[in-house]
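Report on the following structure.
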Amino acid sequence: MSETFTSVSQEEAGLRERARLTFDLDADICVIGAGLAGLSIALEAARLGASVAVLEGRHIGWNASGNQLGTVMPGFALPLADLIERIGLEDARELWALSKEGAEFVRANATEENMPGIGVSNGVLEVSNVDAGDRLISRLQMLNEDFDTEVEGWQVDRVRDVLKTDHYFHGVHYPKAFQVDGRKYVHGLAALARRAGARIFEDTPVVSIDHSGIRKRIVTPSARLRATHIVLAGNIHLGAPLKRLSETLLPVSRYAGITAPLGERVHDIIAFKGSVMDSDGVDHFRIVDGDRLMWESPETTWAARPQRFAGAVKRRIRNIFPELGNVEIADMFGGATGQTVHGMPQIGQLRKGLWVASGFGRQGMNTSAMAGQLIARSILWGDERWRLFSPFELVWAGGATGRVAGQLVGIWGRASSAAAGSLARYREKVRVKDREREARLAEANRAAGTGPRRLHPGHPPVRPAPPRERAPEASRAGEEEPVSQ
Ligand SMILES: Cc1cc2nc3c(=O)[nH]c(=O)nc-3n(C[C@H](O)[C@H](O)[C@H](O)COP(=O)(O)OP(=O)(O)OC[C@H]3O[C@@H](n4cnc5c(N)ncnc54)[C@H](O)[C@@H]3O)c2cc1C
């Protein structure tokens, strides 16, 4: 087992005494889930001065966030060309810029001083499984010129100089992308959030929420919490608090292994120092702890013990780098990511004070950090940039049938961006109900001669909203909320 890559997470997850919520509590913001998303939001909001309570059903980084490779890239799971096609160049550029800010958030926090042993190193190489040099040139130009992202195109020879395999052809080098010890990072985030004043309670599953009203109620088995804002950052395991939200995510479990020490020869065969990922999203690897190889490859749409896939990882390494021979797998780990049907994360306000941050898929480091910044800054500063996610509605992922289809899609290596069905109507129903309630209230006030009710001094009077004519799918940033349950 790799010392460097397991010691802190074991110690923090296992030996540190976990605080459970056993008393009733009030906070400005209640975050459900202590993964990368929940902790990024907690850190940012606590730094901006909010009182924050994080409720985690198991322990910090229990799922994907504590079992990932720590590669930090700009962008999203949805390929850039598809993003532009979907929302146009201008908005795609803004979203891309936000994703870069997310990566910078990670870089700024993942310092040796903040997180001892976090091991930041620069450079990520994306390699092509097919000889597609022509396509590469236009992509490079677009990234450099339109998206202000430093990238270099590598010819086949240069790729094969640093990776001794004939599986890979051209490459795109991101010199400013970087990697950290992914399994340490989530615990480092938790420590920083605590230092900023956030309170984190583990072994505290949220069993229900009541999100109506200004002060929302959150119920756990041993205590209740009241908060003005709830952030749902539970990924695919959210469950009871808002089951229909979990159903908009396709769970994809991913597995990775770390080999036993391979000696100096590994550097002759893999001379690239940063992370390598292939353009089909199948393999993702890098050298860790001097001479071990950390390799992520198999994925399933059901959860399994990572150890079951040690043989598959071993075969994959032998297949790509036969010169390494039969490597020994010393450690396996994995977790379930939540994949949306459209490939973009779910970031935004479902209804007043109820926020969602999930669906980060296989690129969760920068995107969950971005969600943390967007949501905390919207709550505390009124920054409305999360509305750029408006075009990406919550779409049902198809339940059990969806999962089977997802596995088939995965097998054939194609990403699905076709919507299985929309929950947008549900959101519209919620809005209609809200409007009806407000209209009844205004009517009652008129009848009583009290005029429109004020929520508190300085708050504008509550008046019935004017009827809306456009369907939610046609919503534009700044006019409608982007997502619904
Ligand atoms: C093997 C592997 C390698 C990866 N490598 C990379 C990589 O190199 N770079 C990258 O960018 N991304 C990577 N990812 C993806 C990344 O790990 C995820 O996108 C990210 O961790 C998702 O974070 P999250 O906070 O949304 O979810 P999670 O990590 O699932 O956290 C959600 C938390 O919420 C808790 N929770 C759920 N429901 C409740 C409830 N009702 N009450 C209380 N708590 C609740 C859960 O217990 C869980 O701890 C990888 C993933 C895997 C599995």
Side-chain angles (χ1 to χ4, degrees), residues 1-15 35-36 58-71 117-119 167 179-187 235-237 250-263 265-266 269-270 274-278 280-322 324-339 360-365 403 406-407 410-411:
M1 192 175 281
S2 151
E3 267 172 38
T4 311
F5 272 78
T6 54
S7 54
V8 163
S9 57
Q10 274 184 349
E11 180 192 310
E12 302 234 20
L15 303 181
L36 289 176
R58 300 199 186 196
H59 59 78
I60 291 164
W62 159 73
N63 181 38
S65 300
N67 293 289
Q68 45 98 12
L69 270 61
T71 305
I118 193 70
H167 274 257
Q179 43 268 311
V180 299
D181 182 329
R183 296 197 281 173
K184 275 183 185 159
Y185 178 70
V186 71
H187 296 287
N235 194 8
I236 58 155
H237 298 102
L250 181 72
V252 177
S253 293
R254 312 185 63 84
Y255 309 94
I258 298 182
T259 67
L262 299 172
R265 72 198 165 113
V266 71
I269 297 165
I270 301 174
S275 297
V276 178
M277 45 185 75
D278 71 18
D280 292 339
V282 178
D283 296 309
H284 174 192
F285 56 89
R286 74 172 184 270
I287 293 175
V288 296
D289 297 349
D291 63 350
R292 296 173 192 257
L293 195 49
M294 179 164 64
W295 192 291
E296 178 198 351
S297 193
E299 62 178 45
T300 57
T301 48
W302 58 87
R305 279 179 49 246
Q307 286 68 21
R308 275 187 51 189
F309 297 97
V313 169
K314 192 172 162 153
R315 282 192 296 279
R316 198 67 205 159
I317 295 175
R318 198 174 49 209
N319 188 22
I320 305 284
F321 294 110
L324 282 174
N326 228 354
V327 300
E328 186 194 328
I329 304 294
D331 185 19
M332 284 294 300
F333 57 92
T337 58
Q339 213 157 286
F360 299 105
R362 63 197 302 255
Q363 203 164 334
M365 286 290 285
R403 284 165 206 183
Q407 180 66 12
I411 287 167

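What you see is a predicted model, and the numbers here were worked out from it, not measured in a lab.
- Annotation: the span from Gln68 atom CD to Glu296 atom CD amounts to 9.0 Å, rounded to 0.5 Å.
- The line from CD of Gln339 to CD1 of Ile236 is 11.0 Å long, rounded to the nearest 0.5 Å.
- Taking OG of Ser297 as the reference point, atom CG of Asp278 lies at 8.0 Å (rounded to 0.5 Å).
- With sequence neighbours left out, Arg316 forms a salt bridge (Lys or Arg N to Asp or Glu O under 4.0 Å) with Asp283.
- Atom-to-atom distance recorded for Ile269:CD1 and Ile287:CD1 is 9.5 Å, nearest 0.5 angstrom.
- Looking at Pro251 and Thr337, their side chains never come closer than 4.5 Å, going by heavy atoms from C-beta outward.
- Using cut-offs of 30° and 60° for the angle between ring planes, the Trp295 and Phe285 rings count as parallel.
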Between side-chain atoms of residues 303-311 and protein atoms elsewhere (two or more places apart, or another chain), which donor-acceptor pairs fall under 3.5 Å?
none

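- Formation of a donor-acceptor pair under 3.5 Å by the Asp280 side chain with backbone atoms of Val282 is not found in this model.
- Remark: the Tyr255 side chain and the Thr300 side chain contain an N/O donor-acceptor pair separated by less than 3.5 Å.
- In this structure, Leu262 CG and Leu293 CG are separated by 6.5 Å, a value rounded to the nearest 0.5 Å.
- No side-chain N or O of Thr71 forms a donor-acceptor pair with one of Gln179 less than 3.5 Å apart.
- Interatomic distance, Trp62 CH2 to His237 NE2, rounded to the nearest 0.5 Å: 3.5 Å.
- Checked for salt-bridge contact, Arg292 and Asp331 miss the test: no charged N lies under 4.0 Å from a carboxylate O.
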